[in-house]
Amino acid sequence: MSLVFPAPAVTTLPVAGGGEFPVHRIYCVGRNYAEHAQEMGHTGREPPFFFMKPADAVLAVAEGETGRIDYPALTSSLHHEIELVVAIGVGGSRIAAADAASHIWGYAVGLDMTRRDLQNEMKKQGRPWEIGKAFEQSAPIGPIVPKSRCGELLRGAITLGVDGAPRQKGDLADLIWSVNETIEQLSAAWLLQPGDLIFTGTPAGVGAVTRGQVMEGAIAGLGTLRVAVE
């Protein structure tokens with residue numbers, strides 16, 4: 001086969017302890033913490049819904065380093081959303097929640113960066129959110145920690161601060177739809193593949209960041225993710 005131009009490089013994430021995790025697709029769960037749903041104007045345990053980011057939206061941040069993202073075009077309201085990222089190692093469809101853990105390869109700390117003003121405008125018009133969610137560097141992610149190393153993450157603190165000031169705080173146990181339930185729902189609609197990443201939702205406290213500010217997110221058992229806005 002003769003390519004008409006060079007194929008893009010495979011997006012990868014560093015693995016804690018060594019190696020690289022190749023990224024296939026990025027799925028994101030919307031409004032999956034009750035307090036965040038409320039701050040976005042919604043209540044109750046609504047059925048889960050999903051949106052996607054392209055694999056090349058990933059900004060890989062190595063352990064102990066500070067990632068750097070450019071303030072994106074077209075927005076004046078760039079918001080942080082700290083999230084547990086689940087890395088799929090075994091694919092499948094129609095995966096039962098009771099079996100979902102066996103499909104998880106590992107976990108990471110991630111940021112779902114959002115052009116909130118553009119997202120809100122699309123909501124008003126009933127149009128897709130991609131312009132608000134699926135832009136370059138919109139998915140900073142720290143190293144993937146193998147499940148064999150950290151165990152299955154069912155609870156633990158998830159936090160984010162900006163320039164040292166607390167912004168977001170929650171617990172993984174507060175997910176409206178658990179990780180395993182999310183995998184069940186996703187795999188009913190898509191064929192999950194090794195290399196897929198799932199952003200599982202963000203706790204309350206989302207807010208704007210500006211150039212020069214530094215975000216530091218952490219999840220118990222996974223370490224920290226530090227990202228500067230330029």
Side-chain angles (χ1 to χ4, degrees), residues 1-30 49-75 78 81 83-95 99-100 102-115 118-119 122 125 127-149 179 182-200 225 227-230:
M1 179 174 62
S2 179
L3 300 178
V4 297
F5 52 82
V10 174
T11 298
T12 63
L13 284 166
V15 172
E20 295 286 325
F21 183 91
V23 178
H24 180 238
R25 292 177 177 171
I26 303 174
Y27 298 95
C28 304
V29 188
F49 68 94
F50 307 99
F51 58 93
M52 298 177 72
K53 292 175 182 273
D56 61 3
V58 165
L59 174 73
V61 183
E63 186 174 0
E65 294 188 359
T66 299
R68 301 187 180 279
I69 61 172
D70 298 318
Y71 196 94
L74 302 180
T75 185
L78 177 66
E81 296 190 9
E83 307 203 14
L84 172 69
V85 178
V86 175
I88 297 297
V90 178
S93 62
R94 299 180 179 87
I95 300 166
D99 301 324
S102 65
H103 293 257
I104 297 171
W105 195 89
Y107 305 91
V109 184
L111 281 166
D112 169 17
M113 301 304 296
T114 302
R115 295 192 280 203
L118 300 185
Q119 182 196 27
M122 293 302 102
Q125 298 181 39
R127 293 179 178 178
W129 293 1
E130 274 80 0
I131 196 168
K133 290 284 191 179
F135 53 93
E136 292 79 4
Q137 302 177 323
S138 63
I141 303 175
I144 304 288
V145 178
K147 189 179 70 172
S148 60
R149 177 169 167 174
V179 168
T182 295
I183 290 173
E184 180 177 64
Q185 294 280 347
L186 268 174
S187 66
W190 290 276
L191 173 63
L192 294 185
Q193 299 277 7
D196 285 343
L197 300 176
I198 304 170
F199 277 69
T200 57
L225 170 65
V227 178
V229 183
E230 298 187 333

In short, Ala87 meets Phe21 closest at the heavy-atom pair CB-CZ, 3.6 Å

If you look only at distance, which donor and acceptor atoms sit under 3.5 Å apart when one is on a side chain in residues 52-59 and the other is two or more places apart or in another chain?
unit_1	atom_1	unit_2	atom_2	d
Lys53	NZ	Asp112	OD1	2.9
Lys53	NZ	Met113	O	3.4
Lys53	NZ	Lys133	O	2.5
Lys53	NZ	Ser138	O	3.2
Lys53	NZ	Ser138	OG	3.2

- Query: For Gln185, does the CD atom have more than 12 heavy-atom neighbours from other residues, nucleotides or ligands under 6.0 Å away?
  - Reply: yes

Nearest heavy-atom contact between Gly67 and Val61 is N-CG1, 3.6 Å

Side chains of Thr182 and Phe50 in contact at under 4.5 Å (non-hydrogen atoms) | yes

For this session: With the side chain counted from C-beta on, respond yes when His103 and Ile95 share a heavy-atom pair under 4.5 Å apart, and no when they do not.
Result: yes

**Q.** Close side-chain approach of Ile88 to Ile183, heavy-atom, < 4.5 Å
**A.** yes

Do Asp196 side-chain atoms and His24 backbone N/O form a donor-acceptor pair below 3.5 Å?
no

Look at the aromatic rings of Trp129 and Phe49 and report parallel, tilted or perpendicular, splitting at 30° and 60°.
perpendicular

The ring-ring contact (aromatic ring centres under 6.0 Å, His included) partners of Phe135 (sequence neighbours excluded) come to none

All heavy atoms of Gly132 vs all of Leu118, minimum pair found to be CA-CB, 4.4 Å

With sequence neighbours left out, the residues meeting side chain to side chain donor-acceptor pair (under 3.5 Å) with Ser93 are none

Taken in chain and number order and not counting sequence neighbours, the residues that satisfy side chain to side chain donor-acceptor pair (under 3.5 Å) with Arg127 are Gln125

Correct closest heavy-atom pair for Phe199 and Ala139 would be CZ-CB, 4.0 Å

* Non-hydrogen side-chain atoms of Leu197 and Leu13 separated by less than 4.5 Å -> yes

**OP:** Quick one: sort the Trp190 and Tyr27 rings into parallel, tilted or perpendicular, breaks at 30° and 60°.
**Re:** tilted

All heavy atoms of Ala62 vs all of Pro14, minimum pair found to be CA-CG, 4.3 Å

- Query: Does CD in Gln193 sit with more than 12 non-hydrogen atoms of other residues, nucleotides or ligands closer than 6.0 Å?
  - Reply: yes

- Message: Could you check whether any side-chain heavy atom of Val15 comes within less than 4.5 Å of a side-chain heavy atom of Pro146, counting everything from C-beta outward?
- Response: yes

- Report yes if some heavy atom in the side chain of Thr200 is under 4.5 Å from a heavy atom in the side chain of Tyr107; otherwise report no. no

- Query: Between the main-chain N or O of Asp70 and the side-chain N or O of Gln137, is there a donor-acceptor pair closer than 3.5 Å?
  - Reply: yes

With sequence neighbours left out, the residues meeting side chain to side chain donor-acceptor pair (under 3.5 Å) with Thr12 are Glu20

Applying salt bridge (Lys or Arg N to Asp or Glu O under 4.0 Å) to Arg68 and not counting sequence neighbours gives Glu230

Rounded to the nearest 0.5 angstrom, the CG-CD distance for Leu225 and Glu83 is 12.0 Å

For Arg115 and Leu74 the tightest heavy-atom approach is NH1-CB, 4.4 Å

Interatomic distance, CD1@Ile144 vs CZ@Arg149, rounded to 0.5 Å, equals 12.5 Å

